[in-house]
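Positions are given from 1, in the same order as the sequence printed here.
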Amino acid sequence: MQSSITLLVLLSFVTALLASPIRQGASTSCLSDPQCGPIPGQSLLYSDYSHKSPPFPANITTPVLATTTGPVGEDDVLFQNLLSAEWAVYSFYQQGVEAFNQSVFTDLGFPDTTFQRITEIRDNEAGHLRIFQNSISPASIKPGACRYEYGFTNAKEFLALQNIIEVSSMAFLTGLAQQAKASSTVGALVAIGETETRHEVWALIDVWGLNPFAGPADTSFAYANQILYITLADFIIAGSCPHENPPYPYPSQKLPQLSYNGSTSTGHPGSPIMFVYKQNRYNNETLVPDYEPGKSYYAVFFHGVNNITMTFDTKTNSSVVPPEFDSQGIILVVIADEPGAPTLNSVVAGPLILLQQPATATNISAA
């Protein structure tokens, strides 16, 4: 009887070992099979994995090559862009989990659950990696991770940057939903967007002690790849991406990137704003729009589900943030050659994200 019990215990231990995320994620071939490894929504790994080492599938950073010759999925390019972006989002939280511990945050006066929540968000983002991998058809490459540099030097800077990353995620998901061809893709993007919103709501309430509401609608922006290029691509260390990866984002307009003079503007409604063209760390370029003499250009500000067009002075690169907007959520601004920036090609620079909450993190937009 004792030997039978011992055998059962041993079998249980071996079964648990074989089912562990690291064991199941031991090769890239595993990532080609949606049933391999813990499944998002069916495993608590993506909520309560508390170790500093990367959880599955983030412990395998190499691209997964196509295993069939076609046809490709109708939303494969969308999910390739999204997976490449998710590697940058996940890696931000992974670096935070590796760099900090709970006492670092409590010593700064933040709640004693802060590090736990950051770890849980890291786990959620690992689940997003797996969802996006599984959404790419076997006929297309599943992009691997690059190396990333986020520029934070302490825990408070990390928490401030977290707001920019989360609101960027929410904004580009609204754009990708408008690109999606399959209704199931739209549903998946909305579901992921809801999770990203919960991450941001937690930060605003617990970390910053603010009202988390952003009015009746968060900001909708149709041109998702522009946001992917000016935010998450900017964290990529040049030349660090696997050569097998598809171009990211694709397609890309490679527009001039905008910042603003934080010493003369708050970035809030009613504030004058002078734009600055910034260097893209991804390719080390500082692009400036080629403004045509005599042609009118506009600063188009997006907030909620609407946009407002303001005059733009190409000589001083200045405009005014619309005073009509409330100071909640985010405001997105582009420079365009048509009022309202009605088409992708009407945008000549940007977008720039003007973070409205928390005010202490707002000037990250101007960095």
Would you find a donor on one side and an acceptor on the other, under 3.5 Å apart, between the side chain of [X] and the backbone of [Y]?
X: Tyr297; Y: Glu292; value: yes
X: Gln80; Y: Pro143; value: no
X: Thr343; Y: Ser346; value: yes
X: Asp313; Y: Ser318; value: no
X: Tyr150; Y: Phe92; value: yes
X: Lys142; Y: Val64; value: no
X: Asn225; Y: Pro249; value: no
X: Asp76; Y: Ser137; value: yes
X: Asn81; Y: Tyr248; value: no
X: Gln356; Y: Gly267; value: yes

Distance check, rounded to the nearest 0.5 Å: [X] atom [atom1] versus [Y] atom [atom2]?
X: Leu344; Y: Gln226; atom1: CG; atom2: CD; result: 5.5 Å
X: Asn124; Y: Tyr90; atom1: CG; atom2: OH; result: 12.5 Å
X: Leu228; Y: Phe172; atom1: CG; atom2: CZ; result: 5.5 Å
X: Thr114; Y: Trp202; atom1: OG1; atom2: CH2; result: 5.5 Å
X: Ile353; Y: Ile331; atom1: CD1; atom2: CD1; result: 12.0 Å
X: Asn134; Y: Ile136; atom1: CG; atom2: CD1; result: 9.0 Å

Starting from [Y], can I reach [X] by hopping between I/L/V/M/F/W/Y residues whose side chains sit under 4.5 Å apart?
X: Leu189; Y: Val77; result: no
X: Leu161; Y: Val201; result: no
X: Ile141; Y: Ile131; result: no
X: Met170; Y: Leu355; result: no
X: Met274; Y: Val321; result: no

Are Ile121 and Glu166 close enough, and set up right, to give a side-chain contact (heavy atoms from CB on, under 4.5 Å), and what steps lead you there? CA-CA 11 Å; Ile121 296 174; Glu166 289 298 344; 4.1 Å; yes
Do [X] and [Y] make a side-chain contact, defined as non-hydrogen atoms from C-beta onward lying under 4.5 Å apart?
X: Leu82; Y: Leu173; result: yes
X: Cys241; Y: Ile236; result: yes
X: Pro38; Y: Tyr46; result: yes
X: Ser319; Y: Tyr260; result: no
X: Leu258; Y: Val276; result: no
X: Thr309; Y: Glu338; result: no
X: Val104; Y: Phe115; result: no
X: Ser168; Y: Leu232; result: no

Which pair of non-hydrogen atoms, one from [X] and one from [Y], has the smallest distance, and what is that distance?
X: Val288; Y: Pro256; result: C-CG, 3.9 Å
X: Ala171; Y: Ile227; result: CB-CD1, 3.7 Å
X: Pro212; Y: Gln357; result: C-NE2, 4.5 Å
X: Pro339; Y: Pro342; result: O-CD, 3.4 Å
X: Phe275; Y: Ala299; result: CE1-CB, 4.4 Å
X: His303; Y: Ile330; result: ND1-O, 2.7 Å

Asn101 and Ser103: side chain donor to acceptor below 3.5 Å: yes
Just checking, any donor-acceptor pair under 3.5 angstrom between side chains of Ser265 and Ser271? yes
Name the orientation class of the two ring planes belonging to [X] and [Y] (parallel below 30°, tilted from 30 to 60°, perpendicular beyond 60°).
X: Tyr277; Y: Tyr291; answer: tilted
X: Phe221; Y: Tyr223; answer: perpendicular
X: Phe105; Y: Phe110; answer: perpendicular
X: Phe158; Y: Tyr93; answer: perpendicular

Show your reasoning for whether side chain to side chain donor-acceptor pair (under 3.5 Å) applies to Thr185 and Asp75. CA-CA 8 Å; Thr185 299; Asp75 285 322; 2.7 Å; yes
Before giving the answer on side-chain contact (heavy atoms from CB on, under 4.5 Å), spell out for Ser220 and Gln178 the whole-Å C-alpha distance, their side-chain angles and the decisive distance to 0.1 Å. CA-CA 10 Å; Ser220 178; Gln178 297 174 64; 3.5 Å; yes
Verify side-chain contact (heavy atoms from CB on, under 4.5 Å) between Lys278 and Asp234, making sure each step is shown before the conclusion. CA-CA 11 Å; Lys278 60 181 287 191; Asp234 199 37; 3.9 Å; yes
side-chain contact (heavy atoms from CB on, under 4.5 Å) for Ile118 and Leu159? Distances and angles first, verdict last. CA-CA 9 Å; Ile118 290 169; Leu159 290 172; 3.9 Å; yes
Tell me whether the count of non-hydrogen atoms from other residues, nucleotides or ligands lying under 6.0 Å of CG in Asp107 goes above 12.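 Counting neighbours around CG of Asp107, more than 12 heavy atoms of other residues, nucleotides or ligands fall under 6.0 Å, so yes.
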Between the side chains of Arg122 and Glu125, is the shortest nitrogen-to-carboxylate-oxygen separation below 4.0 Å, so that they form an ion pair?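 No, Glu125 and Arg122 are not salt-bridged.
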Tested for side-chain contact (heavy atoms from CB on, under 4.5 Å) against Phe325, the lone hit among Asn306, Thr219, Ile308 is Ile308
